[in-house]
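For the numbers below, each heavy atom of this structure counts, side chains included, while hydrogens, waters and symmetry mates do not.
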Amino acid sequence: RNIITYDNELHNKSLEIVKEEKYLGVVINQKLSWKPHIVKMTSKANNSRHFLQRNLVNCNKEVKLQCYKTYVRPILEYSSTVRDPVNNKGLNEKIEGAQNKSIRWICNKWDINSSPTSMAKELKLQSLHSRRQIAKLKLLHSFNHELKFLPNNIRPALARCTDTRFKVIYGRINIYADSFFPSTISKWNKLPPNIVNTTSPEAFATLLEKLIS
């Protein structure tokens with residue numbers, strides 16, 4: 001609560017204390033809120049869509065869909081396993097809103113009566129929220145079976161070879177509850193046994209896609 005500040009130096013130069021900074025393409029602020037990053041990320045994605053919209057006026061739906069998947073969606077999904085605002089409805093809607101605008105552009109349907117959800121089904125596009133959950137679960141599976149990188153505090157006291165579950169981590173505040181291990185483990189433990197006990201990454205991804213799609 002009582003923040004202690006120091007004058008830090010690197011190569012005889014004083015380091016400026018800032019409230020917000022970009023690191024590896026992710027905006028981190030002093031409150032550990034993902035709002036600044038998501039606001040800038042969705043703005044960048046919308047700018048990319050505007051560029052495509054201006055230059056692909058006469059292209060068909062298939063070309064526009066492929067361009068969205070190549071140039072816009074990766075912006076919205078960069079670092080998504082880390083900065084998934086699980087408990088923040090407003091930020092979730094902002095991310096989905098960026099995809100919905102792209103869907104309207106792809107289908108060329110801007111009227112208020114056209115449903116982006118229906119158009120997404122027609123284009124076979126999952127919600128970005130669902131794609132983030134799949135990506136996080138696949139990463140946890142990789143940590144467990146390939147990278148062997150798991151904190152000791154999430155491993156079960158008694159290993160059950162027939163049912164791979166982890167200890168639930170409870171977060172008192174949303175900042176911690178939304179972080180990778182607490183939010184992903186709660187989803188993992190709700191998966192059917194035939195999925196969580198699958199050791200093959202390819203088989204796990206296939207079963208997971210069928211369940212969440």
Side-chain angles (χ1 to χ4, degrees), residues 20 22 24-27 29 33-141 174 177-178 180 183-184 186-188 190-192 195 202 204-213:
E20 182 179 297
K22 181 183 284 189
L24 297 177
V26 178
V27 178
N29 73 351
S33 167
W34 292 118
K35 184 176 180 179
H37 175 79
I38 290 173
V39 168
K40 293 180 180 180
M41 172 195 73
T42 51
S43 176
K44 182 179 179 181
N46 285 328
N47 288 339
S48 296
R49 174 182 55 80
H50 286 146
F51 174 81
L52 296 173
Q53 204 169 318
R54 290 192 302 270
N55 290 277
L56 301 177
V57 177
N58 298 317
C59 288
N60 59 36
K61 190 184 299 184
E62 288 71 24
V63 171
K64 291 192 285 186
L65 176 61
Q66 187 59 49
C67 286
Y68 164 70
K69 290 179 178 179
T70 305
Y71 297 108
V72 181
R73 191 167 67 180
I75 297 173
L76 296 170
E77 294 192 321
Y78 178 74
S79 71
S80 62
T81 53
V82 176
R83 48 108 192 119
D84 178 23
V86 180
N87 294 297
N88 193 314
K89 183 179 178 181
L91 292 181
N92 270 300
E93 288 177 348
K94 192 168 187 64
I95 298 171
E96 294 297 336
Q99 172 162 276
N100 288 342
K101 289 177 182 177
S102 294
I103 289 172
R104 288 185 177 279
W105 163 64
I106 293 168
C107 296
N108 196 27
K109 293 181 179 179
W110 298 94
D111 59 285
I112 195 171
N113 296 319
S114 297
S115 168
T117 304
S118 299
M119 288 185 277
K121 290 181 180 179
E122 178 189 340
L123 298 172
K124 297 181 180 179
L125 283 176
Q126 287 179 307
S127 71
L128 295 178
H129 173 75
S130 295
R131 287 177 58 85
R132 286 197 301 276
Q133 306 319 304
I134 291 172
K136 289 166 67 175
L137 289 166
K138 287 166 68 175
L139 183 58
L140 183 58
H141 183 274
N174 285 344
D178 285 352
F180 177 78
S183 63
T184 310
S186 65
K187 296 267 190 311
W188 176 281
K190 295 176 183 177
L191 294 174
I195 297 181
E202 295 78 13
F204 178 81
T206 301
L207 291 171
L208 197 60
E209 290 280 353
K210 288 181 180 179
L211 178 70
I212 298 182
S213 61

Can you tell me how far CD of E62 sits from CG of L123, rounded to the nearest 0.5 angstrom?
-> 9.0 Å

Drop me the distance from F51's CZ to N46's CG, to the nearest 0.5 angstrom.
-> 15.5 Å

Interatomic spacing from NZ in K109 to OG in S115 - rounded to 0.5 Å = 10.0 Å

Taking every heavy atom of W34 against every heavy atom of V27, the minimum-distance pair comes out as CZ3-O, 3.9 Å

Donor-acceptor pair, side chain of S127 and main chain of S130, under 3.5 angstrom | yes

NZ (K101) with more than 12 external heavy atoms under 6.0 Å = no

Heavy-atom closest pair, residues S48 and I75 | OG-CD1, 3.4 Å

Please lay out, stage by stage, how K61 and E122 fare under the test side chain to side chain contact (heavy atoms under 4.5 Å, CB included).
-> CA-CA 11 Å; K61 190 184 299 184; E122 178 189 340; 2.7 Å; yes

Greater than 12 external heavy atoms within 6.0 Å of Y71's OH | no

Do Q133 and T184 have side-chain heavy atoms sitting under 4.5 Å apart?
-> no

Measure across M119 and I103 and return the closest heavy-atom pair with its distance rounded to 0.1 Å.
-> CB-CG2, 3.5 Å

Side chains of M41 and R83: does their closest heavy-atom pair fall under 4.5 Å?
-> yes

With sequence neighbours excluded, residues passing side chain to side chain donor-acceptor pair (under 3.5 Å) with D178 | N87

Is there a side-chain contact between L191 and L207, using heavy atoms and a 4.5 Å cut-off?
-> no

Do H37 and N29 have side chains that get closer than 4.5 Å, going by heavy atoms?
-> no

Do Y68 and R49 come close enough that some side-chain heavy atom pair is under 4.5 Å?
-> no

When every non-hydrogen atom of L56 is compared with those of K64, the smallest separation belongs to O-CD, 4.2 Å

Going from NE2 on H50 to OG on S102, what distance comes out if it is rounded to the nearest 0.5 angstrom?
-> 9.0 Å

Which pair of non-hydrogen atoms, one from A98 and one from L76, has the smallest distance, and what is that distance?
-> CB-CD2, 3.8 Å

Which residues pass the side chain to side chain donor-acceptor pair (under 3.5 Å) test with D111, sequence neighbours left out?
-> S114

Closest heavy-atom contact between A45 and V72?
-> O-CG1, 3.8 Å

Salt bridge flag under 4.0 Å for residues K89 and E96 | no

Spacing of T81 atom OG1 and K136 atom NZ [to the nearest 0.5 Å] | 8.0 Å

When you look at NZ of K44, are more than 12 heavy atoms from neighbouring residues, nucleotides or ligands closer to it than 6.0 Å?
-> no

Donor-acceptor pair, N92 side chain versus N88 backbone, under 3.5 Å?
-> yes

Does anything in residues 89-141 pair up under ring pair (Phe, Tyr, Trp, His ring centres under 6.0 Å), and if so which pairs, sequence neighbours excluded?
-> H141-H145, H141-F204

Flag side-chain contact, heavy atom, 4.5 Å: L65 against L125 | yes

So how far is it from L211 CG to E209 CD, rounded to the nearest 0.5 Å?
-> 10.0 Å

Contact check, side chains of F180 and L139, non-hydrogen atoms, under 4.5 Å = yes

With the side chain counted from C-beta on, respond yes when I134 and Q126 share a heavy-atom pair under 4.5 Å apart, and no when they do not.
-> yes

Do the charged groups of E77 and R131 touch, with an N to O distance under 4.0 Å?
-> yes

With no hydrogens and no angle check, is any side-chain donor or acceptor of S43 less than 3.5 Å from a backbone partner on V39?
-> no

